[in-house]
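Below, read A as the first sequence line, B as the second, and so on, with proteins coming before strands; counting in each chain starts at 1.
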Amino acid sequence: MAGGIDPGLEHVVRGHLDTPAGPVPVVSTQLARVDHVGTLKARCGWGRMHYRVPPGLYAFGSPGAKSPVLVSANYKLTFDALRRELGGVDAWLLVVDTDGINVWCSAGKGIFSTELVVRSVQAAGLADVVSKRRLVLPQLAAPGVSAEEVRKQTGFYVAYGPVRARDIPAFLAAGQRATDEMRRVTFTARERIVLVPVELAHTAVPMLALALVAFVVGGLGQHGFSLVDAWRYGWVDAASVVGAAIAGVVATPLFLPWIPGRAFSVKGAVAGLSWVAVWMACRHGLGLQAGAAEWLVHTLLLVPLSSFLALGFTGCTPFTSLSGVRLETRRAIPAIVASLVSGVALALFVLLEGKLG
Amino acid sequence: MMRYLESAITLRLDASLCDGCRRCVEVCPHGVLAMEARRARIADKGGCMECGACVKNCRRGALAVRAGVGCALALIGNVAAERDLTGPG
């Protein structure tokens, strides 16, 4: 039952609709400034795991006993996507408790499950509210939900709606029929770009720690660490690290379709190599030429960094399979480790040789 | 849609068990399955991402796949605990 609503969501509720199962909050389809600010924060990874909506039944427009029942996750961004797209639609929305995780990820984790749908239908007293025994589930809930089992246990037939909320009005208007295009996931430049800030936020701390290490190592001269050397040369090495991380976390996702290779670790390595080449050219331009050994050390240390970060992006895409990721990870990790170990060994050798000679 | 490492895909279909309900075609986000003579057919195996939606919604058990989330970091996290990576496939 969605009797109450979090104080933080009061602006979302326009009023209440009396039903045989009690009052149901009517949802505003106008997004407010606070919703946009919340979206921005979540997209940057700020409080993203606690951005949720109370589960239960909600109303869009003025639904009746024969209106469609949509089912969705209790992640606020998911809820807001529905609010944005359902203006002018009369429908019920059953929000199920997915721990504030979006539809597809929660279905993949087994949170958005047959049992959850069955339990939520019963808890909301849906059978008393609508006469039509039919639910519209998001298509992307299908990895976790068996339509047949839901029907057996609740008497409600499950129709899978479109992938994207914006297609719901057309889906409903067409008698709950989805076109092939509505059933396909996409991964457009725009869809990739919105993922980058969270990825950056996740890698920021280790990336800056590595940059600090590089800064200190850059200050190691013939007489040990010197702040003057660090100031003069350390920033160059710190920038090398930051650039390689950005090649893996930002450039690889943005240019994903155009970077050669299918394996993400390969794409990341290509991006990392490109960064090393560009950066070395920049250093040349700045009069900070590097010898062959330094080139090699850079390549051996920076390329695996980009490669590993790009490998991590597999979890953010809608087309990588578990078997493919297993295959790729099993091949990439030994190569990444080998490259890092030889890079460190070579760097130490160069450093010690410089001291001795 | 971009394509990934197609040779690794584990999706299998026993069409003789299919009763033609179309659920698999309905739930697949990549158009991997199609109907032919009232039975499901794997039309584009390489496009499969092993999400498991078709298997979960096949009431006849005609489909099989090693379903899971294709995320390297989750996989690496599991390795320490389960040695998942050393298994078959």
**OP:** Just give me the residue among B:A74, B:C28, B:A53 that pairs up with chain A most often, heavy atom to heavy atom, under 4.5 Å.
**Re:** B:A53
Original post:
Just how far is it from atom CG of A:L256 to atom CE of B:M2, taken to the nearest 0.5 Å?
Top reply: 4.5 Å
Subject >> Proximity breakdown for A:S265 and chain B, heavy-atom pairs closer than 4.5 Å >> reply: neither
**OP:** Using non-hydrogen atoms and a 4.5 Å limit, figure out which bit of A:E149 sits close to chain B: side chain, backbone, both or neither.
**Re:** neither
Original post:
When rounded to the nearest 0.5 angstrom, what distance separates CE in B:M49 from OG1 in A:T317?
Top reply: 6.5 Å
**OP:** Could you look at A:V185 and say if it's the side chain, the backbone, both or neither that has a heavy atom under 4.5 Å from chain B?
**Re:** both
Original post:
Do the side chain of A:S323 and the main chain of B:T10 share a donor and acceptor less than 3.5 angstrom apart?
Top reply: no
Subject >> A:F313, part contacting chain B, at a heavy-atom distance under 4.5 Å >> reply: neither
**OP:** May I ask you to say whether A:R262 pairs ionically with B:E6, meaning some side-chain N is under 4.0 Å from a carboxylate O?
**Re:** yes
Subject >> Among B:N57, B:L73, B:V27, residue most engaged with chain A (heavy-atom pairs, under 4.5 Å) >> reply: B:N57
Subject >> Over all atoms of both residues, closest heavy-atom pair of A:R184 and B:H30 >> reply: CD-C, 3.9 Å
Original post:
At their closest point, which heavy atom of B:M1 faces which heavy atom of A:P318, and how far apart are they?
Top reply: CE-CG, 4.2 Å
Original post:
Quick one: does NZ or CZ of A:R326 land under 6.0 Å from the six-membered ring centre of B:Y4, within 45 degrees of the ring axis?
Top reply: no
